[in-house]
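Presented below is the structure to which this report refers.
Only a predicted model underlies this, so the values are computations on that prediction, with no experimental measurement involved.
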Amino acid sequence: MVGKLIGVFRRRLRPDERESAPDPGSVIKTDGSSAVGARAGTLVLPTTALLEQILDEYGLTHAIDDDGDLLVRWEKATMYFFHYGERREVLQARMYLNRRFAVELRSDIVLMLDDWNRTKLFPKAYTVLPDDGMVGVCAEQVYDFEVGATRAQIKYSVGSWVDTLLRFVEWLDEQV
């Protein structure tokens, strides 16, 4: 299933799918509804409403959790989208692996993740210690969209993030 999803994100945009370059005087729209319907070239921020539409276009089932965070679940991991900043202009996609490890294995896992972080540009990967007493693994992508981006740019970024985060999950599965 993961390989099938990865293929979706490897595909380059056809010329008819690309949006034109932004107008120099474009206004950033922060309202999800106006961002979703923005004309080509208009700079927008990655609102939850826009992200939901993009995930729908990629055929990914998503939900909003009790904290209001957008998430996508896979068999081996769950990806959350978080917004930060005064205008919620910083977008983070964080993948939490479902698999947990004994605390005694943490130093070995950290060495593996260090190797990943040295040899790959992204996503950033690290361990976490949730309340369950086991070691968890996360990977994340982050971008500051302060000046805005076209819808096509945000869609491409989200697709690339999903692709690389799923590749990380596969890589970790091969390692342990």
Side-chain angles (χ1 to χ4, degrees), residues 2 5-74 77-97 113 116-126 128 136-169 171:
V2 170
L5 286 172
I6 289 173
V8 170
F9 299 110
R10 264 195 229 139
R11 182 177 71 78
R12 296 220 182 260
L13 293 176
R14 295 186 315 260
D16 62 314
E17 295 176 309
R18 295 184 188 129
E19 293 183 347
S20 62
D23 299 332
S26 293
V27 175
I28 299 172
K29 299 188 181 286
T30 57
D31 174 345
S33 60
S34 62
V36 170
R39 67 176 175 77
T42 300
L43 299 181
V44 297
L45 295 177
T47 63
T48 298
L50 177 57
L51 293 173
E52 287 179 298
Q53 272 199 352
I54 289 170
L55 294 173
D56 286 342
E57 290 166 17
Y58 281 129
L60 296 173
T61 302
H62 52 84
I64 303 288
D65 70 7
D66 294 339
D67 295 326
D69 299 315
L70 179 60
L71 63 94
V72 180
R73 293 184 197 280
W74 285 272
T78 302
M79 180 184 299
Y80 288 84
F81 291 91
F82 300 110
H83 299 273
Y84 300 98
E86 288 180 20
R87 296 181 307 140
R88 300 172 47 93
E89 70 277 9
V90 177
L91 180 62
Q92 178 187 57
R94 186 181 309 155
M95 182 77 81
Y96 289 93
L97 276 74
L113 298 181
W116 171 272
N117 289 326
R118 263 191 314 277
T119 60
K120 306 289 189 272
L121 292 175
F122 46 81
K124 173 178 72 173
Y126 52 92
V128 293
V137 176
C138 292
E140 66 183 45
Q141 300 272 61
V142 181
Y143 190 77
D144 184 347
F145 289 96
E146 182 176 359
V147 297
T150 66
R151 186 185 191 288
Q153 290 168 325
I154 294 170
K155 182 176 180 178
Y156 179 81
S157 294
V158 168
S160 295
W161 292 0
V162 170
D163 179 49
T164 57
L165 288 163
L166 289 173
R167 287 176 191 270
F168 170 76
V169 171
W171 174 84

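Nearest heavy atom pair, residue Leu97 against residue Ala77, reads CA-CB, 4.1 Å. Nearest heavy atoms, Leu91 versus Pro46: CD2-CB, 3.9 Å. Counting all heavy atoms, side chain and backbone alike, Trp161 lies closest to Ala93 at CE3-CB, 3.4 Å. Of all heavy-atom pairs spanning Arg151 and Val44, the tightest one is N-CG2, 4.2 Å.
No donor-acceptor pair closer than 3.5 Å links the side chain of Asp67 to the backbone N or O of Asp69. Using modelled atom types, no side-chain atom of Glu146 and backbone atom of Asp144 make a donor-acceptor pair closer than 3.5 Å.
Listed by chain and number, the residues in a salt bridge (Lys or Arg N to Asp or Glu O under 4.0 Å) with Lys124 are Glu140 (sequence neighbours excluded). Annotation: side-chain hydrogen bond (donor to acceptor under 3.5 Å, both in side chains) contacts of Asp56 (sequence neighbours excluded): His62. In terms of the ring-ring contact (aromatic ring centres under 6.0 Å, His included) criterion, residue partners of Tyr80 (sequence neighbours excluded) are, by chain and number, Phe82, Tyr96. For the ring-ring contact (aromatic ring centres under 6.0 Å, His included) test, no residue two or more places apart in sequence or in another chain qualifies with Tyr84. Annotation: side chain to side chain contact (heavy atoms under 4.5 Å, CB included) contacts of Thr48 (sequence neighbours excluded): Glu52, Ile64, Leu70, His83, Arg88.
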Practice task
Begin from the C-alpha positions of Ile154 and Phe145 and carry the test side chain to side chain contact (heavy atoms under 4.5 Å, CB included) through to its verdict.
Solution key: CA-CA 9 Å; Ile154 294 170; Phe145 289 96; 3.9 Å; yes

Practice task
Begin with the C-alpha distance, continue with both residues' side-chain angles, and end with the deciding distance and a verdict on side chain to side chain contact (heavy atoms under 4.5 Å, CB included) for Trp74 and Leu166.
Solution key: CA-CA 9 Å; Trp74 285 272; Leu166 289 173; 3.9 Å; yes

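The CG atom of Leu113 sits 5.0 Å away from atom CZ of Phe168, with the distance rounded to the nearest 0.5 Å. Taken from CD in Gln141 to CG in Leu121, the straight-line distance is 10.0 Å, to the nearest 0.5 Å. Taken to the nearest 0.5 Å, the OH atom of Tyr143 stands 12.5 Å off from the CZ atom of Phe122. To the nearest 0.5 Å, the span separating CG on Leu60 from CZ on Arg73 amounts to 14.0 Å.
Between Val158 and Leu51 there is a side-chain heavy-atom pair separated by less than 4.5 Å.
The aromatic rings of Trp171 and Trp116 lie tilted to each other, with the angle between the two planes from 30° to 60°.
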